[in-house]
J.: 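Starting off with a structure, shown below.
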Amino acid sequence: MHQKIERLIKEGIQNLDEGFCLVDKDLNLSFWNKWLEDKTGISPGTVLGTPFIDLVRPGAKEYVTKRLQNAFRFGQKDHLSQSFNKYLIKIKTSKSKSFSVMQQKVFITPLLVEGKIDALAIVIQDVTIETERIQQLNINRKDLEKIIDERTKHLKTIMQSLELKVEERTEDLKKAKEVAEHASQAKSNFLTMMSHELRTPMNGVLGMAHLLKESTLDEDQQKYCDTILTSGNMLTQLLSDILDLSKAEAKMQKTDIKAFSFEELMVSSVDLFDGSAKSKGLDLSWTLDPKIEKTLLGDMTLLKRIISNLVGNAVKFTHDGKITITVQLIEDTLESQKTLFQITDTGIGVSKEQQKEIFEPFIQADSGSTRKYEGTGLGLAIVYELVVLLGGTIDISSEEGKGSCFTFTLTFEKPSTVAD
């Protein structure tokens with residue numbers, strides 16, 4: 001059995017895809033496998049019993065002898081990489097374009113018999129292709145470093161030129177910004193003045209129309225009077241919306257932060273649409289997260305405007321189904337609470353293209369030339385500006401024909417955190 005195993009081991013070593021030989025204590029060869037025979041053209045009968053050092057390339061014989069002697073003396077494994085001498089035994093190769101001699105990696109392993117070092121096993125691996133690749137990588141690296149160095153110098157020059165241009169453009173932009181701010185302020189002042197000036201005679205028109213409606217009129221005259229009132233109210237609302245938007249855009253809108261009740265806010269903002277929702281057969285409901293403090297600090301007037309605009313829009317653009325308003329607590333600290341408002345409807349929805357500009361002035365979901373729905377398209381623009389003014393963010397998710405969901409987040413301080 002042992003003899004069979006020994007034969008198998010010997011056969012395996014003979015057929016290794018790398019060189020394998022044994023060196024005795026006198027550094028003479030005692031085994032020479034087929035790989036070495038094929039690569040060197042030296043048969044075992046010729047080389048066995050001769051000094052291994054005779055095969056080592058000139059210039060490395062003394063160095064290799066010391067390494068082999070140390071392996072016998074200290075019994076430690078050793079290896080000679082291609083970096084030390086590129087090759088140990090001269091073997092011609094045709095694999096490489098760069099090397100005519102096989103590049104080698106050599107491993108030295110002491111073999112013990114009855115606790116004593118009896119021989120050294122020397123394994124030689126062909127690393128020609130690997131060495132060639134490393135060599136090419138080094139060449140490429142040097143070329144790349146040269147290119148990078150040249151590009152860096154070029155970029156440095158460009159950066160210096162750009163910095164100069166940026167300074168010039170910054171100064172130009174600063175002047176342009178000042179001009180734009182003055183123009184925006186002038187526009188807002190004009191809109192504010194005109195809104196006030198137009199609202200005064202409009203109130204007179206509406207007042208007279210109300211008085212006229214209460215007088216003795218025939219059926220046609222009543223219709224004419226109703227048309228005047230409807231158109232007047234729409235124009236008044238438009239003036240109010242323009243005024244609010246111009247204030248918000250010009251950052252003239254002031255906040256009035258006071259303690260308020262969330263429940264009171266929801267009742268006063270949502271319940272006023274209960275009648276119009278019922279008249280359309282819509283289910284209108286709202287829920288308030290019980291973890292939200294009963295009293296928080298905020299501008300209740302602006303909050304009511306935001307919620308009323310969004311709920312009013314939902315009622316306007318929903319024909320059947322339901323509208324739900326939920327307020328959830330998403331972050332709670334000792335000083336404040338962050339809330340998420342969601343207004344969801346089953347209305348006409350908004351296309352993906354329209355969603356990109358839905359918060360722009362004069363934009364409606366129904367933006368055809370003959371719109372079915374009344375309105376200025378300013379409501380959502382005002383909502384956006386007010387949410388930003390209060391330090392929040394707003395977004396929309398929608399699908400045409402299936403409804404929309406407007407979400408906005410706001411953070412409110414707790415009254416207890418404010419000093420008396």
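All heavy atoms count here, side chains included; hydrogens, waters and symmetry mates do not.
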J.: Under 4.5 Å between any side-chain heavy atoms of I124 and I89, yes or no?
T.: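 Yes. Closest side-chain heavy atoms under 4.5 Å.
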J.: Going by the rule salt bridge (charged side-chain N to carboxylate O under 4.0 Å, His left out), which residues pair with D118 if we only count those two or more places apart in sequence or in a different chain?
T.: none
J.: Which residue, T301, L296, T295, forms the side chain to side chain contact (heavy atoms under 4.5 Å, CB included) with F260?
T.: L296
J.: Establish, yes or no, whether a centroid distance under 6.0 Å links the rings of F412 and F262.
T.: yes
J.: Once you round to the nearest 0.5 Å, how far does CG of D172 lie from CD of E167?
T.: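 Rounded to the nearest 0.5 Å, the CG-CD separation comes to 12.0 Å.
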J.: Between I292 and Q328, which heavy-atom pair has the shortest distance, and what is it?
T.: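 Of all heavy-atom pairs spanning I292 and Q328, the closest is CD1-C, 4.2 Å.
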J.: Would you give the length of the straight line joining atom NZ of K165 to atom CG of L162, rounded to the nearest 0.5 angstrom?
T.: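 Here the rounded value is 6.5 Å.
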J.: Looking only at atom types and distance, does a side-chain atom of S398 sit under 3.5 Å from a main-chain N or O of G403, one as donor and one as acceptor?
T.: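 The answer is yes, because a donor-acceptor pair under 3.5 Å joins these two groups.
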J.: Under 4.5 Å between any side-chain heavy atoms of N313 and I343, yes or no?
T.: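 SC-SC contact between N313 and I343 ruled out.
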J.: Step by step, would you call T393 with V387 a side-chain contact (heavy atoms from CB on, under 4.5 Å)?
T.: CA-CA 6 Å; T393 58; V387 170; 5.5 Å; no
J.: Testing the basics here: between D320 and T346, what is the closest heavy-atom pair and its distance to 0.1 Å?
T.: O-OG1, 2.8 Å
J.: For L297 versus K414, what's the shortest heavy-atom pair and its separation?
T.: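 Looks like CD1-O, 4.2 Å.
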J.: Once rounded to the nearest 0.5 Å, what's the spacing between atom OG of S404 and atom CG of L310?
T.: 11.0 Å
J.: Of the non-hydrogen atoms in S269 and S308, which two are nearest, and what is the gap between them?
T.: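 Shortest heavy-atom separation between S269 and S308 comes out as O-OG, 3.6 Å.
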J.: Between T157 and K153 (side chain of the first, backbone of the second, donor and acceptor by atom type, cut-off under 3.5 Å), is there such a pair?
T.: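 Between the backbone of K153 and the side chain of T157 there is a qualifying donor-acceptor contact (under 3.5 Å).
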J.: Name each donor-acceptor pair under 3.5 Å that joins a side chain in residues 30-41 to protein atoms two or more places apart or in another chain, with its distance.
T.:
unit_1, atom_1, unit_2, atom_2, d
S30, OG, L22, O, 3.4
W32, NE1, I42, O, 2.9
N33, OD1, F20, N, 3.2
N33, OD1, L36, N, 3.2
N33, ND2, I13, O, 3.1
N33, ND2, E18, O, 3.1
K34, NZ, D38, OD2, 3.1
T40, OG1, L36, O, 2.5
T40, OG1, I42, N, 3.1

J.: Please name the pair of heavy atoms, one in L88 and one in V106, separated by the smallest distance, quoted to 0.1 Å.
T.: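 It is CD2-CG2, 3.7 Å.
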J.: Which residues pass the salt bridge (charged side-chain N to carboxylate O under 4.0 Å, His left out) test with E353, sequence neighbours left out?
T.: K356
J.: Could you walk me through whether M300 and E264 pass the side-chain contact (heavy atoms from CB on, under 4.5 Å) test, one step at a time?
T.: CA-CA 10 Å; M300 188 167 174; E264 181 184 341; 3.7 Å; yes
J.: Evaluate the criterion side chain to side chain donor-acceptor pair (under 3.5 Å) for residue pair S351 and E400; output intermediate values, then yes/no.
T.: CA-CA 6 Å; S351 70; E400 284 188 279; 4.8 Å; no
J.: Could you grab the distance from atom OG1 of T131 to atom CZ of F99, nearest 0.5 Å is fine?
T.: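 Here the rounded value is 6.0 Å.
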J.: Quick one: pull up NZ in K338 and OG1 in T333 and give me the separation to the nearest 0.5 Å.
T.: 11.0 Å
J.: In terms of heavy-atom contacts, does CD of Q135 have more than 12 from other residues, nucleotides or ligands at under 6.0 Å?
T.: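 It does: Q135 CD has more than 12 such atoms within range.
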J.: Go through the structure and list residues passing ring pair (Phe, Tyr, Trp, His ring centres under 6.0 Å) with F52, not counting sequence neighbours.
T.: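 By the ring pair (Phe, Tyr, Trp, His ring centres under 6.0 Å) rule, F52 matches no residue at all.
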J.: Would you indicate whether the side-chain heavy atoms of T339 and I330 approach each other to under 4.5 Å?
T.: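 No - every pair of side-chain heavy atoms lies 4.5 Å or more apart.
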J.: Let's go through C405 and Q342 carefully: what are the C-alpha distance in whole Å and the side-chain angles of both, what is the deciding distance for side-chain contact (heavy atoms from CB on, under 4.5 Å) to 0.1 Å, and is it a yes or a no?
T.: CA-CA 7 Å; C405 178; Q342 289 183 304; 4.2 Å; yes
J.: What residues form a salt bridge (charged side-chain N to carboxylate O under 4.0 Å, His left out) with K116, not counting sequence neighbours?
T.: none
J.: Could you check E132 against S96 for side chain to side chain donor-acceptor pair (under 3.5 Å), going step by step and ending with a plain yes or no?
T.: CA-CA 7 Å; E132 185 177 45; S96 171; 3.0 Å; yes
J.: Show the numbers, then the answer: is there a side-chain contact (heavy atoms from CB on, under 4.5 Å) between V327 and D289?
T.: CA-CA 6 Å; V327 188; D289 192 331; 5.8 Å; no
J.: Quick one: salt bridge (charged side-chain N to carboxylate O under 4.0 Å, His left out) partners of R141, sequence neighbours excluded?
T.: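 Checked R141 against salt bridge (charged side-chain N to carboxylate O under 4.0 Å, His left out); matches are E145.
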J.: For this output row, return yes or no: ring centroids of F408 and F406 closer than 6.0 angstrom.
T.: no
J.: So, K291 side chain and L329 main chain: donor-acceptor pair closer than 3.5 Å or not?
T.: no
J.: Determine whether I122 and L68 make a side-chain contact, defined as any pair of heavy atoms from C-beta on separated by less than 4.5 Å.
T.: yes
J.: Any non-hydrogen side-chain atom of E293 less than 4.5 Å from a side-chain atom of Q337?
T.: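 Sidechains of Q337 and E293: in contact.
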J.: What residue among T93, V127, I134 forms side chain to side chain contact (heavy atoms under 4.5 Å, CB included) with Q103?
T.: V127
J.: Mind checking whether K77 and P110 have side chains closer than 4.5 Å, heavy atoms only?
T.: yes
J.: Kindly indicate whether the side chain of V101, heavy atoms from C-beta on, has any atom under 4.5 Å from the side chain of T128.
T.: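 They are not in contact (no side-chain heavy atoms under 4.5 Å apart), so the answer is no.
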J.: Measuring only between side-chain heavy atoms, which start at C-beta, is L111 closer than 4.5 Å to I117?
T.: no
J.: Is there a salt bridge (charged side-chain N to carboxylate O under 4.0 Å, His left out) between D256 and K258 once you walk through the steps?
T.: CA-CA 6 Å; D256 184 19; K258 296 178 180 178; 3.3 Å; yes
J.: At their closest point, which heavy atom of M102 faces which heavy atom of D126, and how far apart are they?
T.: CG-OD1, 3.2 Å
J.: With a cut-off of 6.0 Å (strictly less than), are more than 12 heavy atoms of other residues, nucleotides or ligands near CG of N15?
T.: yes
J.: At what distance, to the nearest 0.5 angstrom, does CD1 of I394 lie from OH of Y384?
T.: 9.0 Å
J.: Please say which of T324, I323, D274 ends up in a side chain to side chain contact (heavy atoms under 4.5 Å, CB included) with S285.
T.: T324
